[in-house]
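Worth saying up front: this structure is predicted, and the values here are computed from it rather than measured.
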Amino acid sequence: MFRPARNQPHRSRVRRARNSALAAVALGAALALTTTTAQAATPAPKHYVALGDSYAAGAGVPGQSAGLCLRSDHNYGHLVAAALHAGAYTDVTCAAAKVKNVTESQYDLFLKVNDPQLDAVTPDADLVTLGIGGNDLGTSDIGIGDVIATCIAGAVVNPLGTPCQDVYNHGHWDWSSWSWQYGEDDLADRIAAAQPRLAAAIATIRAKAPKAKLLLVGYPSVLPADGSSCVLRQPIAPRDIPYLYRTLSSLNAMLKATAASSGAVYVDTQTPTAGHDACSDDRWVEGALPGSPAVPFHPNATGEKVMADAVLAALR
């Protein structure tokens with residue numbers, strides 16, 4: 001008489017376990033293949049050149065070098081070079097650099113700080129990142145630093161108003177309409193004025209390294225769109241925060257448009273850093289009193305890492 005095997009349920013469990021294990025192996029192999037394919041899509045550059053200002057330099061993030069350029073060995077350029085296994089890496093980023101310093105030497109109080117950054121771009125360069133434009137908002141050698149100083153000083157005397165916007169957007173009382181009005185926006189004008197200079201700088205880079213892939217890196221979320229989270233956290237009038245947020249967004253929009261018209265790739269770092277601004281509980285951009293090493297209102301080590309990830313994503 002035929003009798004079913006007593007261990008049939010056990011064998012079924014064994015088959016199910018074996019099938020699950022095979023499925024896991026197959027999934028792992030697929031993921032490994034996907035990762036390998038993604039890496040293969042970004043070949044190691046033979047010569048990567050990083051250009052830009054303090055946000056590209058990683059100002060204040062350890063370890064620092066290059067004197068007043070405040071260049072970090074953990075800025076996004078260094079991280080990208082390491083991730084891509086670049087054959088050669090040249091970093092000439094420098095704090096307070098303006099667009100003109102792509103082609104002109106940089107000075108601070110009549111002292112030469114950095115050679116023209118274009119000098120580092122050679123015909124063999126096949127990858128160039130450029131993060132610049134923010135310091136063109138300022139009129140002094142410290143660039144955007146004088147805008148920040150103006151906003152902080154205004155908040156001391158008018159913490160409940162819009163002292164920063166009043167200075168740059170020419171806020172005034174209009175007796176005819178019996179209301180507070182704004183005039184021409186100086187910061188918007190400076191962004192517009194920087195655009196043709198930036199386009200010309202990109203053209204000079206392309207002329208020196210015609211085979212290079214050029215990435216124009218935008219600025220991270222320094223401040224939130226709403227100033228309520230900045231109350232008692234940053235020494236800027238909360239009602240000025242939306243104006244400064246709009247200004248930074250306009251700057252990034254200009255960079256994006258210039259990249260598109262110049263054949264460069266724009267790297268958005270504002271979106272991936274949103275919610276981690278200087279007023280957040282989890283800061284990737286430090287405030288006036290940094291909680292981790294960084295120049296005030298600049299990315300910390302985590303912020304530079306997130307910016308590096310954005311650059312790598314744009315290269316895929």
**OP:** Output every pair passing salt bridge (Lys or Arg N to Asp or Glu O under 4.0 Å) with a member in residues 172-185, not counting sequence neighbours, ordered by first then second residue.
**Re:** none
Original post:
Testing His276, Met307, Gln270 for side-chain contact (heavy atoms from CB on, under 4.5 Å) with Pro220, which one passes?
Top reply: Met307
Subject >> Residues in salt bridge (charged side-chain N to carboxylate O under 4.0 Å, His left out) contact with Asp240, at least two apart in sequence or another chain >> reply: none
Original post:
If you group Ile, Leu, Val, Met, Phe, Trp and Tyr whenever their side-chain heavy atoms sit less than 4.5 Å apart, what else falls in with Trp284?
Top reply: Val306
Original post:
Is there a donor-acceptor contact under 3.5 Å linking the side chains of Asp277 and Ser280?
Top reply: no
**OP:** Quick one: list whatever passes salt bridge (charged side-chain N to carboxylate O under 4.0 Å, His left out) with Arg283, sequence neighbours left out.
**Re:** Glu286
Original post:
Hydrophobic clusters join Ile, Leu, Val, Met, Phe, Trp and Tyr when side-chain heavy atoms are under 4.5 Å apart, directly or via other members; which others share one with Trp175?
Top reply: Trp173, Trp178, Trp180, Tyr182
**OP:** Report the distance from atom OH of Tyr48 to atom CG of Asp91, rounding to the nearest 0.5 Å.
**Re:** 7.5 Å
**OP:** Write out all pairs satisfying side-chain hydrogen bond (donor to acceptor under 3.5 Å, both in side chains) with one or both partners inside residues 150-160, taking only residues at least two apart or from two chains.
**Re:** Thr150-Tyr168
**OP:** Sequence neighbours left out, what passes ring-ring contact (aromatic ring centres under 6.0 Å, His included) with Phe297? Give chain and number order.
**Re:** none
**OP:** Check salt bridge (charged side-chain N to carboxylate O under 4.0 Å, His left out) between Lys305 and all other residues, then give those that pass, not counting sequence neighbours.
**Re:** Asp309
Subject >> Side-chain donor/acceptor of Gln106 to backbone N/O of Lys98, under 3.5 Å >> reply: no
**OP:** If a pair satisfies side-chain hydrogen bond (donor to acceptor under 3.5 Å, both in side chains) and one of its residues is in residues 192-216, list it, with sequence neighbours excluded.
**Re:** Asp136-Arg197, Gln195-Thr258
Original post:
Partners of Ile191 by side chain to side chain contact (heavy atoms under 4.5 Å, CB included), sequence neighbours excluded?
Top reply: Leu137, Thr247, Ser250, Leu251, Met254
**OP:** Please say which of Thr129, Ile132, Val121 ends up in a side-chain contact (heavy atoms from CB on, under 4.5 Å) with Leu51.
**Re:** Val121
Original post:
In chain order, what residues pass the side-chain hydrogen bond (donor to acceptor under 3.5 Å, both in side chains) check against Gln181, with sequence neighbours excluded?
Top reply: Ser179
Original post:
Any donor and acceptor pair, going by atom type alone, linking the side chain of Gln64 with main-chain N or O of Val61 inside 3.5 Å?
Top reply: yes
**OP:** Give a yes or no on whether the backbone of Ala56 and the side-chain of Tyr76 come within a donor-acceptor separation of less than 3.5 Å.
**Re:** no
**OP:** Please list, chain by chain and in numerical order, all residues satisfying salt bridge (charged side-chain N to carboxylate O under 4.0 Å, His left out) with Arg190, sequence neighbours excluded.
**Re:** none
**OP:** State plainly whether the residues Arg233 and Asp281 are in salt-bridge range, i.e. N to O under 4.0 Å.
**Re:** yes
